[in-house]
Peer 1: 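This is the structure I want to talk about, given as structure tokens.
Proteins get letters first, then strands, A, B, ... in listed order; numbering begins at 1 in each.
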2 protein chains.
Amino acid sequence: MTTDANSSASPPGLRESKKQQTRRLISDVATGLFLSQGFEQTTIADIAAAARVAKKTVTNYFPRKEDLALDHQDAFIASLAGTLVGRRPGTSALAALRGAFVEAAEAANPVAGFSGPAFAGMIADSPTLSARLRDLHDLREAALADALADATGTPRGDITPRTAAALLGAVHRTLFQRIQELTLAGEDNARISAVVTAEADAAFGLLEPSLADYAPA
Amino acid sequence: MTTDANSSASPPGLRESKKQQTRRLISDVATGLFLSQGFEQTTIADIAAAARVAKKTVTNYFPRKEDLALDHQDAFIASLAGTLVGRRPGTSALAALRGAFVEAAEAANPVAGFSGPAFAGMIADSPTLSARLRDLHDLREAALADALADATGTPRGDITPRTAAALLGAVHRTLFQRIQELTLAGEDNARISAVVTAEADAAFGLLEPSLADYAPA
DNA sequence: ACATAAAAATGCTACGGATGTAAGATTGCC
DNA sequence: GGCAATCTTACATCCGTAGCATTTTTATGT
């Protein structure tokens, strides 16, 4: 995510500083345009013009247009695997992921899907963004599969951790979509939290008989 | 999928006949080019030139390029829901879908993922096609969710059938990807069938404690 | 059988995203 | 201060997608 220059003990440096500045500028201008006039309706030329930079500079920082809208991708992808790795002793994978989701839902955490009506709408009526979001869910599941394989001492790629990751990822994805739906329906976060917490109980509960004893810490 | 003209008792008709003829011609030429030189490397202009038609005619029959490569989309989308609806009395949703997959795996059915090395390779190194395939998996899961809601007398969109569909779809998708992997690895269909049948046992077996009694017929 | 309407194929134009290249400007380092 | 690296910029091209006017083919009605 962050640049390597930061880790090598050097002070930010003017060049690196300016880079991140223009990167931030482009990203901010882009999200502003996206939210105000929609993702598909906004061209890269629009963004470049509004940010007073060349088109190539935009596509240089953000190779794909979707990257301009969906930020914190790495955090999202790593979230499930991170929850698993950081789970407290005595908790199974299911319990850890279940607890983390409920916690995120009660806090209306954006990573769980609480992105606000404008953002949810932007994604909803853009096939490109929806597809990219599916990609992220898949990558997140793959990362979880590897983490589960490591945690259970199973070779990566084995069918059992992969299936378990697919099941756990499926529940998370379903609940994520529910939050998006409710957001688009105009519900406020408090109500969404209440509804989704109850639904999470049903969804994770359904998986409990199968995975209660899987990947214990 | 098919045209209405066919259902209104009229003989095929020269116009309809020629339409399907050119459609078939374009599709065949396209898949030939895709398999020989890759999906991304083949342009619509190439296809039009090889089929001796105008570019616009190609995009007229197939609005998106992916549609030229992935055929039988509707059959794929409807397969899980169809299996559920057509299940024999006394079988649960899980048992029906499990049985159908094993059957398809033993028969090396393309719908289960047995598409041959060339086709699998074409999909593997084309982000566009991979994305579209994920779409199809999602649509298939959505269709299954509706079918499960109907079968259990639950309102469509309810969390329980949606979650169940997500779980069952996840297993199917995981096994589908396994078949693709093994195909790309150069294994022959007989060996893939054997491996995947065993893995299906583990994967569906993992889900058994949760869904054994769900949606009985 | 001929004329007319409907429909399909064609050729053209245009736009947007993605990629490549070469020139100019800025920064970092010696 | 000057050199090397890198970023920005301004083209330029390619491809997929879409709209539109024109021509050719098919179907229908007189």
Peer 1: For A/Phe204, enumerate each residue passing the ring-ring contact (aromatic ring centres under 6.0 Å, His included) test, keeping only those at least two apart in sequence or located in another chain.
Peer 2: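 A/His172.
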
Peer 1: Among residues 121-132 of chain B, which contact DNA chain C at a heavy-atom distance under 4.0 Å?
Peer 2: none

Peer 1: Would the distance check show the side chain of B/Thr42 and the main-chain N or O of B/Ile47 forming a donor-acceptor pair, the cut-off being under 3.5 Å?
Peer 2: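 Side chain of B/Thr42 to backbone of B/Ile47, a donor-acceptor pair under 3.5 Å: no, none is there.
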
Peer 1: Looking at A/Arg173 and B/Glu141, is there a salt bridge between them, counting it only when a charged N and a carboxylate O are closer than 4.0 Å?
Peer 2: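 Counted as a salt bridge, because a side-chain N and a carboxylate O are separated by less than 4.0 Å.
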
Peer 1: I'd like to know if the side chain of B/Ser130 and the backbone of B/Ile123 have a donor-acceptor N/O pair within less than 3.5 Å.
Peer 2: yes

Peer 1: B/Asn189 and B/Ile192: side-chain contact (heavy atoms from CB on, under 4.5 Å), yes or no, with the steps?
Peer 2: CA-CA 5 Å; B/Asn189 277 358; B/Ile192 298 176; 4.2 Å; yes

Peer 1: Taking the six-membered ring for Trp, are B/Phe34 and B/Phe39 parallel (under 30°), tilted (30 to 60°) or perpendicular (over 60°)?
Peer 2: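 B/Phe34 and B/Phe39: tilted rings.
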
Peer 1: For nucleotides 18-21 of chain D, which of its nitrogen or oxygen atoms have a protein nitrogen or oxygen under 3.5 Å away, and what is each distance?
Peer 2:
residue, atom, partner, partner atom, Å
D/dG19, N7, B/Lys56, NZ, 3.1
D/dC20, N4, B/Lys56, NZ, 3.0

Peer 1: Evaluate salt bridge (Lys or Arg N to Asp or Glu O under 4.0 Å) for B/Arg162 paired with A/Glu181, printing each intermediate quantity in order.
Peer 2: CA-CA 13 Å; B/Arg162 269 177 77 166; A/Glu181 285 175 20; 2.8 Å; yes

Peer 1: Return the polar atom pairs (N/O with N/O) between nucleotides 3-5 of chain D and the protein under 3.5 Å, or none.
Peer 2:
none

Peer 1: Are A/Arg24 and A/Tyr61 in a cation-pi contact, defined as NZ or CZ under 6.0 Å from the six-membered ring centre and within 45° of the axis?
Peer 2: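 Cation-pi check for A/Arg24 and A/Tyr61: fails.
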
Peer 1: Any donor-acceptor pair under 3.5 Å linking the side chain of A/Thr163 with the backbone of A/Ile159?
Peer 2: yes

Peer 1: Among residues 29-48 of chain A, which contact DNA chain C at a heavy-atom distance under 4.0 Å?
Peer 2: A/Thr42, A/Thr43, A/Ile44

Peer 1: For the side chain of A/Asp46 and the backbone of A/Thr43, is there at least one donor-acceptor N/O pair under 3.5 Å apart?
Peer 2: yes

Peer 1: Answer yes or no: does a side-chain N or O of A/Asn60 lie under 4.0 Å from OP1 or OP2 of D/dC7?
Peer 2: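 No, A/Asn60 has no side-chain N/O under 4.0 Å of OP1/OP2 on D/dC7.
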
Peer 1: Report yes if a side-chain nitrogen or oxygen of A/Tyr61 is closer than 4.0 Å to either non-bridging phosphate oxygen (OP1 or OP2) of D/dT8; otherwise report no.
Peer 2: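 Result: yes.
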
Peer 1: Using modelled atom types and a 3.5 Å cut-off, is there a donor and acceptor pairing between side-chain atoms of A/Thr57 and backbone atoms of A/Val53?
Peer 2: no

Peer 1: What is the distance, rounded to the nearest whole Å, between atom CZ of A/Phe62 and atom P of D/dT8?
Peer 2: 11 Å

Peer 1: Please step through side-chain contact (heavy atoms from CB on, under 4.5 Å) for the pair A/Leu168 and A/Leu80, ending with a clear verdict.
Peer 2: CA-CA 9 Å; A/Leu168 292 164; A/Leu80 295 190; 5.9 Å; no

Peer 1: Any salt bridge between A/Arg64 and A/Asp67, counting N to O under 4.0 Å?
Peer 2: yes

Peer 1: On DNA chain C, which is the earliest and which the latest nucleotide, 5' to 3', with an atom closer than 4.0 Å to a heavy atom of chain B?
Peer 2: C/dA6 to C/dG11

Peer 1: Tell me which one of A/Thr83, A/Leu175, A/Val111 satisfies side-chain contact (heavy atoms from CB on, under 4.5 Å) with A/Phe101.
Peer 2: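 Running side-chain contact (heavy atoms from CB on, under 4.5 Å) over A/Thr83, A/Leu175, A/Val111 with A/Phe101 returns exactly one hit, A/Leu175.
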
Peer 1: With a 4.0 Å cut-off on N to O distance, would you call B/Asp188 and B/Arg191 a salt bridge?
Peer 2: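 Not counted as a salt bridge, because no side-chain N and carboxylate O are separated by less than 4.0 Å.
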
Peer 1: Whole-Å distance between D/dC7 P and A/Leu25 CG?
Peer 2: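 For the pair A/Leu25 CG and D/dC7 P, the rounded distance is 17 Å.
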
